[in-house]
Structures are given as C-alpha cells and as structure tokens.
Protein chains: 2
Amino acid sequence: MSSPETDRAYRGLSADERRKDRRSRLVRAAVKLYGARGYANVGVRAICAEAGLTERYFYEAFENGEALAIASFEGIARVLFDNLETAILPHSAPRARLRAALSAWFGLVAAYPDEARFFLKDLDGVSPALEEVRRAVFHRFVALFGRIVGAEPGGSLLEVGAIGGVLEMAVVWMRGGLRIPVDTVVADAERLCSFAFQPQEVRS
Amino acid sequence: MSSPETDRAYRGLSADERRKDRRSRLVRAAVKLYGARGYANVGVRAICAEAGLTERYFYEAFENGEALAIASFEGIARVLFDNLETAILPHSAPRARLRAALSAWFGLVAAYPDEARFFLKDLDGVSPALEEVRRAVFHRFVALFGRIVGAEPGGSLLEVGAIGGVLEMAVVWMRGGLRIPVDTVVADAERLCSFAFQPQEVRS
DNA sequence: GACAATTGACATTCCATGTTGTCAGAATTA
DNA sequence: TAATTCTGACAACATGGAATGTCAATTGTC
C-alpha cells in the first residue's frame with residue numbers, strides 16, 4: 001500500500017492513462033519475448049526489461065506472471081477474432097466467407113510472427129489455467145468456422161480436426177520461413193475445411 | 001568417480017541389467033508425471049521419487065533433465081511407429097491401411113493416456129532441442145501416412161494439416177474423457193486423411 | 001520555491017530446482 | 001566372517017526466478 005491520495009497528471013497523462021500504457025507495454029513486451037524465446041524461457045524480469053519498466057509496475061498491473069500470460073493470449077485472440085469477423089463481413093456465400101477467413105488467418109500469422117508463435121505453440125502443458133484458456137479459444141475458433149460455412153452448431157470432431165490442421169499448417173508454414181505462397185496455403189486449408197465442415201447428410 | 005573395479009551381481013541382476021532397469025524405471029516415471037502434471041511442472045526430484053530412485057542414479061543414467069525428456073519422447077515415438085507399422089502390415093488397399101493405422105493410433109491414445117498427453121501437448125516452446133525432436137517426429141508421422149495411402153513423397157502442407165488435425169482430434173477426444181466411440185473418431189479422421197492424402201492430379 | 005506524488009534503479013527475501021557430494025548400512029563374494 | 005561393492009537417504013552448493021521493499025531523484029501542484 002502506497003499513499004496515492006490524489007492522482008495528478010504526469011508527463012501529460014492521467015494516472016489511469018499511465019497505468020493502461022504501462023500495462024499494454026508489458027503485454028507487448030511479453031508477446032515479443034514469448035514468441036522469440038518460448039514462454040517457458042521468459043520470466044517477469046526479462047519482460048520488465050524489454051518493456052522498460054521495473055517489477056514494481058509489473059505487480060501493479062498484474063497479479064502475477066501467469067496473469068500476464070493469460071492477458072497476452074486473450075488479447076491476441078481478441079484481435080484475431082475481430083480480424084476474422086471483419087474479413088468475412090463483405091461475403092455471403094459460405095465458400096467465399098471461408099476463403100476470406102483463412103486468408104485473414106494466414107495473413108495475420110505472416111504479419112505477426114511473435115504473436116502467432118505464442119498463440120500456436122506455447123500454451124500447452126504449462127498450467128491448468130493456461131490450458132483452459134487455450135481450450136476455450138480453440139473451441140471458439142472451431143465454432144466460428146462452423147458458423148462461417150453454415151454448419152449446424154455443436155462442433156463435430158471432424159471440424160476439430162480441420163481447425164487443428166489449419167493451426168498446424170500455420171506452424172509448419174512459419175517454420176519453413178513462409179516460403180510457400182500464402183495463396184497456396186490458403187487454398188490447401190480451404191480444401192481441408194470445406195470438406196470437414198459440410199453438413200452431416202452430405203458428408204459421406 | 002566411484003571405484004567399480006568389478007561388477008558383480010546384485011539381487012540376481014548384473015550391473016548392466018541393473019542400469020537398464022533403473023533407466024527404464026526413470027523413463028516410465030517421467031512419462032507418467034509429464035502426462036499427469038505437464039512437463040513444465042515436473043522436475044528430476046519428483047521423477048526420482050516416483051521411480052523410487054535417488055538423484056545419484058538419475059545422473060548416472062542421463063546427462064541432465066532434458067536428456068530424459070528427449071529419451072522419453074523418442075521412446076514413445078518408437079513404440080508408436082512400431083505399432084502403426086504392425087497394424088498396417090496385414091492390409092494392402094490404401095483405404096484399409098489408413099483405417100488400420102488410425103485405429104491403432106486412437107487405440108494407443110486411449111490405452112496410454114499419460115504417454116499420449118505428453119506426446120501431444122507438452123513439447124512445444126520449452127527448448128530448441130525438444131522442439132526439434134517434436135518437429136522430426138511429426139514429419140515422420142506425415143511421411144508415414146503419406147506412404148500408407150501411397151501418396152508421392154514430399155509431404156504437402158495439406159497433408160501436414162490432416163495429420164495436425166488427427167493429433168488435435170486426439171487431444172479433444174481425450175479431454176472429453178474418450179466418451180465418443182473410437183469407431184466414430186477413426187471414421188472422422190479417416191475422412192480427413194483420405195481427402196488430404198490423395199494424389200495431386202485428383203485433388204481439385 | 002516548497003511540498004507531495006510519482007518514478008526508476010536496485011536490494012532483499014524466499015523458495016524451487018539442478019547438480020554434486022557424503023556416508024552409513026545392506027548385499028555379495030571369497 | 002571379512003572385505004568390498006553397491007545402494008539409498010540426505011546434505012550441500014549453486015543458480016535463478018518470483019515477489020516485496022527501500023530510497024533517492026524526478027515531476028507536477030500550489
């Protein structure tokens with residue numbers, strides 16, 4: 001407990017603005033380092049150094065290190081879903097919506113490699129809380145694609161497989177240095193999804 | 001350096017036999033704990049306790065903790081590939097071979113949940129060495145299925161996606177407590193793979 | 001300019017872990 | 001039985017990280 005009786009401006013920013021700024025700097029630094037070194041190899045010390053802040057402000061912004069990881073992951077997920085929703089907006093035909101969503105997905109992966117690496121690879125087997133967050137986001141991912149192509153809700157295992165495949169494709173694509181043209185990757189992913197997300201009665 | 005001038009039997013086992021026994025006990029204990037708690041939350045102390053051995057024997061058997069993780073993973077992979085090869089042996093038709101392999105895969109997942117959890121989830125973002133091992137095994141996995149259905153070698157991204165999907169299906173299937181009948185899961189996976197692993201000229 | 005709030009650098013505490021070392025006692029052989 | 005190897009329990013050391021605390025210097029307010 002410090003004694004902040006008043007909260008006056010500092011460098012032109014209010015107390016709230018400063019707090020939010022520090023928080024977002026921490027998140028950005030965290031994602032960058034997570035993506036570069038892997039979550040397991042990044043501690044709060046390194047994150048603070050990268051953000052140009054000290055531990056004191058870290059624990060002002062987050063309960064602990066895990067909370068930052070969760071916030072980072074959920075921030076990435078939010079941006080991702082926003083982008084996908086925006087991307088499919090102009091289209092109405094299921095196939096066109098699917099292609100637009102996948103295009104956006106792989107475009108984001110290419111544009112934000114650190115975020116992508118963290119999002120794709122780091123969150124497994126670390127802690128139950130992190131695992132649950134990953135699970136929930138993955139489920140939303142499957143549901144979104146189901147909605148995109150107009151499949152009935154519920155999310156069959158086949159759809160799970162398709163989305164899992166799309167994620168793994170991104171992993172391998174990145175590891176190969178994005179040398180494969182994005183259109184090729186999108187086309188392959190589209191084939192995988194369009195097959196898996198068809199309505200039950202047409203499937204077999 | 002101890003001074004083992006001779007190596008005499010102990011409890012009916014030669015020195016070599018005892019070493020191998022200790023080593024395999026360590027691997028078994030490691031996989032069990034990895035699967036239960038996640039790799040990041042398991043140290044050599046806990047593994048030694050689970051194996052009923054002490055640290056002294058750990059470092060007799062392995063260079064360090066990471067070496068045990070690699071050995072564990074590769075041991076699982078070896079058993080897995082052996083099982084798959086055996087499963088497809090009696091069949092010659094691509095479709096039958098594929099079904100047999102997938103049946104074996106999901107059967108193993110169900111039969112060895114600890115091994116499966118470790119194999120599927122734990123190895124990402126921990127260390128470069130572990131990551132490389134995982135990558136190599138995944139590649140072999142894709143190649144094996146390509147060979148099973150008689151696709152030309154090389155491993156397209158679409159095939160990567162299919163295998164990634166199969167792995168993710170196993171993850172979700174396990175998390176759901178294996179409540180979905182294995183035949184259903186195999187059938188879905190089979191659809192995913194049979195579609196993705198077709199020869200280029202037929203694909204579109 | 002005086003005073004309070006705010007910041008940043010750093011020390012400090014606490015604890016877990018990896019790794020190596022010690023040693024008394026059990027099992028084995030002669 | 002005596003000598004010796006092997007074992008298991010545990011101490012010891014080093015390292016690194018999480019989380020809290022201290023304090024002088026800086027910035028804004030009056």
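Below, chain A is the first sequence line, B the second, and so on; all start at residue 1. Below, all heavy atoms of this structure are taken into account, side chains as well, without hydrogens, waters or symmetry copies.
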For A:Arg19, which contact category applies under a 4.0 Å heavy-atom criterion: base, sugar-phosphate, or nothing?
nothing
Stepwise, does the salt bridge (Lys or Arg N to Asp or Glu O under 4.0 Å) test hold for A:Glu60 with A:Arg23?
CA-CA 9 Å; A:Glu60 178 211 48; A:Arg23 190 189 153 95; over 6 Å; no
Check this for me, if you would: do A:Glu85 and A:Arg147 make a salt bridge, where the nitrogen-to-carboxylate-oxygen distance has to be below 4.0 angstrom?
yes
Give B:Ala9 one of three labels, base, sugar-phosphate or nothing, depending on what nucleic acid heavy atoms sit under 4.0 Å from its own.
sugar-phosphate
Calculate the interatomic distance between A:Asn41 atom CG and D:dG16 atom C1'; express it in whole Å.
13 Å
Side chains of B:Tyr34 and B:Ile47: closer than 4.5 Å at any heavy-atom pair?
yes
Spacing of B:Leu26 atom CG relative to D:dT7 atom P, expressed in whole Å:
13 Å
Electrostatic pair B:Arg25-B:Asp21, nearest N-O below 4.0 angstrom
yes
Interatomic distance where CG belongs to A:Asn64 and P belongs to C:dA16 [whole Å]
16 Å
Run the salt-bridge test on B:Glu50 and B:Arg28 with the 4.0 Å N-O cut-off and return the result as yes or no.
no
Grab the CG-C1' distance between A:Asp16 and C:dT6 for me, whole Å please.
15 Å
Is the closest side-chain heavy-atom distance between A:Trp105 and A:Asn83 below 4.5 Å?
no
Roughly, in whole Å, what's the span from CG in A:Leu68 to C1' in D:dA19?
15 Å
Between NE2 on residue B:His139 and CZ on residue B:Arg134, distance to nearest 0.5 Å:
13.0 Å
Classify the side chain of B:Arg8 and the base of D:dT5 as holding, or not holding, a donor-acceptor pair under 3.5 Å.
yes
For A:Leu13 and C:dT7, give me the distance from atom CG to atom P, rounded to whole Å.
10 Å
So if I take residues 43-59 of chain B and measure heavy-atom distances to DNA chain D, which residues fall below 4.0 Å?
B:Arg45, B:Thr54, B:Glu55, B:Arg56, B:Tyr57
Less than 4.0 Å between a side-chain N and a carboxylate O, is that true for B:Arg95 and B:Glu190?
yes
Do you know the tightest heavy-atom contact between A:Ser72 and A:Val31?
CB-CG2, 3.8 Å
Please give, in whole Å, the distance from C:dA27 C1' to B:Glu17 CD?
16 Å
Could I get a table of every N or O pair under 3.5 Å where one atom is in the protein and the other is in nucleotides 24-26 of chain D?
{"residue": "D:dT26", "atom": "O2", "partner": "A:Tyr10", "partner atom": "OH", "Å": "3.1"}

Rounded distance in Å - CZ (B:Arg25) to C1' (D:dT7):
11 Å
